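Notes for the one structure printed next.
Predicted model only: the values in this text are computed from it and were never measured. The analysis underlying the following values was restricted to heavy atoms, covering all of them including side chains, and did not include hydrogens, waters or symmetry mates.
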Amino acid sequence: MTSTLDKSALSPSFSREDWLKGYQSQPNEYNYWIEDIEGEIPSNLRGTLFRNGPGLLDIQGIPLNHPFDGDGMVSAISFTGNGKVHFQNRFVRTEGYVAEQNSGKMLYRGVFGTQKPGGWLNNLFDVKVKNIANTNVIYWGNKLLALWEAARPYRLNPATLETEEIESFAGLLEEGDSISAHPWVDPCAPWDQSKPCLVNFSVKPGISSKITIYEFDTSGKLCCQHSHSVPGFSFMHDFAITSNYCLFLQNSVTFNPLPFILGLRGAGECVHFAENALSKLIIVSRKPPYDQIIISDVDAGFVFHHANAFEVGNHLYLDSICYPTLTQIRPGESYQDTDFSQVAPGQLWRFTVNLSDKIVEKQLIEPRPCEFPTLHPDKVGRPYRYLYIGATDHSRQNAPLQAILKLDLETGDRFLHSFAPRGFAGEPVFVPKPDAHAEDDGWLLVLKYDAQYHRSDLVILDAKQIEESPIAVLHLKNHIPYGLHGNWTENCFI
């Protein structure tokens with residue numbers, strides 16, 4: 001099950017048929033105790049892993065052109081602390097999901113290119129998109145929130161996953177507002193007696209873009225909010241934090257909404273990457289009066305996700321997954337036609353900002369194609385040593401993620417745990433062991449799709465030695481389509 005880091009064979013590590021099976025819809029909702037377990041579940045592992053992602057890859061039999069257009073399905077894997085584990089999954093009952101299920105037909109266009117049947121005439125001037133709540137899920141302030149960056153979150157019951165209502169944060173977000181699907185938890189907020197806080201943002205793009213930053217305490221109460229106008233159109237999926245700053249990487253893109261309005265393209269297809277233009281690194285102070293803003297040019301390519309950021313002296317460091325270009329599905333094609341050899345891979349880069357002269361330097365950290373980074377939660381926004389990230393089995397060839405890579409940023413050592421050829425890896429989640437002191441003393445929870453049995457497994461790896469055999473593998477009775485993001489909470493919900 002392990003893999004070395006020096007593979008040189010040019011043959012693919014996966015079959016296309018296996019990869020595509022992981023994109024089959026999962027229309028069923030389950031609720032059961034997991035009984036098929038290899039190995040032994042740690043007795044002190046107690047809490048719940050929540051995951052979110054598109055559960056339907058078709059609407060009433062009509063295939064989606066892009067998986068990101070799929071309705072959100074939240075899964076919960078709950079560890080009781082005595083070796084028992086429970087699984088359940090439910091679709092988020094968004095307004096659009098309920099309407100389409102009741103009508104038996106596709107009613108909405110997808111943001112990333114899925115069009116209603118009937119050609120452009122049936123999509124002409126239809127600019128209403130449904131909140132699919134499919135990108136992330138987090139338990140904070142005694143609320144479980146399913147997040148999608150183009151709308152308000154949906155609040156779910158953490159024990160049953162039943163949809164309760166749209167979350168407005170006590171009226172903070174009104175109809176038509178949105179909030180990012182990529183919040184960060186600051187483990188030690190300097191303004192709240194060093195307690196953790198949740199930091200998130202929203203962006204309203206235009207000729208100039210308005211970025212609003214929100215910080216919530218552990219009870220879910222809003223503690224601070226400040227907005228800033230920056231020049232140019234902004235498409236920012238993620239951001240990063242340090243103790244004193246929020247960092248945004250404004251991709252060099254333009255947006256022409258006309259093809260969307262005319263029913264020819266999805267809104268996401270109208271975003272165009274300007275390959276010869278520089279991105280903007282926007283640094284905003286987290287300290288009152290919040291008026292310190294630094295904007296620097298940076299050659300970053302296209303960025304979806306950041307791994308972490310931190311401060312050392314008069315320098316800021318930002319670690320990000322960078323693509324040389326924005327790969328988009330061409331009109332009339334489907335994600336199922338993807339040729340990985342023609343897709344630009346994501347790689348891990350570090351940007352170093354000198355706060356004195358505002359100059360940004362960059363350095364390639366990891367050339368292996370990779371995505372979905374994670375780290376010890378106590379190291380968010382702080383100097384850190386270890387990063388865990390989904391990666392390709394081959395060290396250079398682009399392909400689906402089939403492995404988990406551990407990076408030792410201090411020594412440069414790399415360690416790989418591969419599920420190839422028939423396993424496909426999702427985003428790893430780091431869970432610290434109780435009373436642990438070492439940064440890598442914890443477990444990695446990885447939701448893996450097993451093409452051989454058409455099911456998903458939850459794999460528990462020792463974060464200290466991920467190249468070793470798993471501590472335990474929990475075989476689900478069903479498959480979960482490739483997901484996006486999720487989070488761990490020490491609360492055990494059944």
Side-chain angles (χ1 to χ4, degrees), residues 147-153 168-186 189-192 197-217 221-255 271 274 277-300 302-306 308-311 314-320 351-360 380-381:
L147 302 166
W148 184 58
E149 66 195 46
R152 295 178 293 179
S168 67
F169 302 103
L172 176 67
L173 300 181
E174 300 178 349
E175 185 174 357
D177 289 340
S178 63
I179 197 166
S180 162
H182 273 284
W184 286 92
V185 175
D186 187 331
W191 47 261
D192 190 19
C197 75
L198 186 78
V199 188
N200 206 349
F201 78 100
S202 67
V203 58
K204 291 187 176 181
I207 298 176
S208 63
S209 297
K210 178 183 177 182
I211 299 173
T212 302
I213 297 169
Y214 310 92
E215 303 205 17
F216 301 89
D217 67 14
K221 176 185 175 183
L222 179 69
C223 294
C224 66
Q225 171 187 351
H226 44 106
S227 298
H228 309 271
S229 180
V230 297
F233 177 86
S234 292
F235 175 81
M236 296 182 291
H237 178 68
D238 194 5
F239 76 126
I241 63 171
T242 69
S243 297
N244 296 299
Y245 300 97
C246 291
L247 291 81
F248 302 88
L249 211 156
Q250 184 181 32
N251 290 301
S252 57
V253 297
T254 59
F255 179 68
V271 175
L278 294 175
S279 301
K280 302 286 186 181
L281 180 59
I282 302 166
I283 303 169
V284 182
S285 175
R286 292 177 61 193
K287 292 184 175 182
Y290 313 114
D291 57 354
Q292 181 184 357
I293 300 178
I294 299 171
I295 301 179
S296 296
D297 290 333
V298 57
D299 181 11
F302 192 90
V303 173
F304 283 108
H305 298 124
H306 303 290
N308 197 25
F310 59 94
E311 307 169 33
N314 202 38
H315 289 78
L316 289 181
Y317 299 85
L318 174 65
D319 296 343
S320 309
F351 301 95
T352 302
V353 186
N354 186 321
L355 293 176
S356 297
D357 56 23
K358 316 301 187 293
I359 293 176
V360 183
V380 169

Contact between [X] and [Y] at the side-chain level, heavy atoms closer than 4.5 Å - yes or no?
X: Gln225; Y: Leu172; value: yes
X: Val353; Y: Leu281; value: yes
X: Lys221; Y: Phe216; value: no
X: Cys246; Y: Trp184; value: no

If you look at every heavy atom in [X] and [Y], which pair is closest and at what distance?
X: Leu278; Y: Ser252; result: O-CB, 3.6 Å
X: Ile294; Y: Ser296; result: CG2-OG, 3.9 Å
X: Ser178; Y: Leu173; result: O-CD2, 4.0 Å
X: Ser209; Y: Gly232; result: OG-O, 2.7 Å
X: Asn308; Y: Gly381; result: OD1-N, 2.9 Å
X: Phe351; Y: Ala300; result: CZ-CB, 3.7 Å

Please tell me whether Tyr214 and Phe169 form a close aromatic pair, meaning their ring centres lie under 6.0 Å apart.
no
Between [atom1] of [X] and [atom2] of [Y], what distance do you get to the nearest 0.5 Å?
X: Leu249; Y: His237; atom1: CG; atom2: NE2; result: 13.5 Å
X: Glu311; Y: Tyr317; atom1: CD; atom2: OH; result: 11.0 Å
X: Ile179; Y: Ser202; atom1: CD1; atom2: OG; result: 6.5 Å
X: His226; Y: Ile211; atom1: NE2; atom2: CD1; result: 11.0 Å
X: Leu316; Y: Ile283; atom1: CG; atom2: CD1; result: 5.0 Å
X: Leu355; Y: Asn314; atom1: CG; atom2: CG; result: 5.0 Å

So Asp297 and Lys280, side-chain contact (heavy atoms from CB on, under 4.5 Å) or not? Walk me through it.
CA-CA 5 Å; Asp297 290 333; Lys280 302 286 186 181; 2.5 Å; yes
So does Lys287 have more than 12 non-hydrogen atoms from other groups sitting under 6.0 Å from NZ?
no
Are the charged groups of Glu215 and Arg286 less than 4.0 angstrom apart, N to O?
yes
Tell me whether Arg152 is salt-bridged to Asp177, with the criterion being a basic N under 4.0 Å from an acidic carboxylate O.
no
Is a donor on one side and an acceptor on the other found under 3.5 Å between the side chain of Gln250 and the backbone of Pro231?
yes
With a 3.5 Å cut-off and no angle check, do the side chains of [X] and [Y] form a donor-acceptor pair?
X: His306; Y: Ser320; answer: yes
X: Asn251; Y: Ser279; answer: no
X: Ser180; Y: Glu149; answer: no

Begin with the C-alpha distance, continue with both residues' side-chain angles, and end with the deciding distance and a verdict on ring pair (Phe, Tyr, Trp, His ring centres under 6.0 Å) for Phe235 and Phe233.
CA-CA 7 Å; Phe235 175 81; Phe233 177 86; 7.8 Å; no
Ile213 pairs by side-chain contact (heavy atoms from CB on, under 4.5 Å) with which of Val284, Asn200, Ile241?
Val284
Decide side-chain contact (heavy atoms from CB on, under 4.5 Å) for Phe248 and Val230; before the verdict, give the C-alpha distance in whole Å, the side-chain angles of both, and the deciding distance to 0.1 Å.
CA-CA 11 Å; Phe248 302 88; Val230 297; over 6 Å; no
After noting the C-alpha distance and the side-chain angles of Val380 and Val185, does the key distance pass the side-chain contact (heavy atoms from CB on, under 4.5 Å) rule?
CA-CA 7 Å; Val380 169; Val185 175; over 6 Å; no
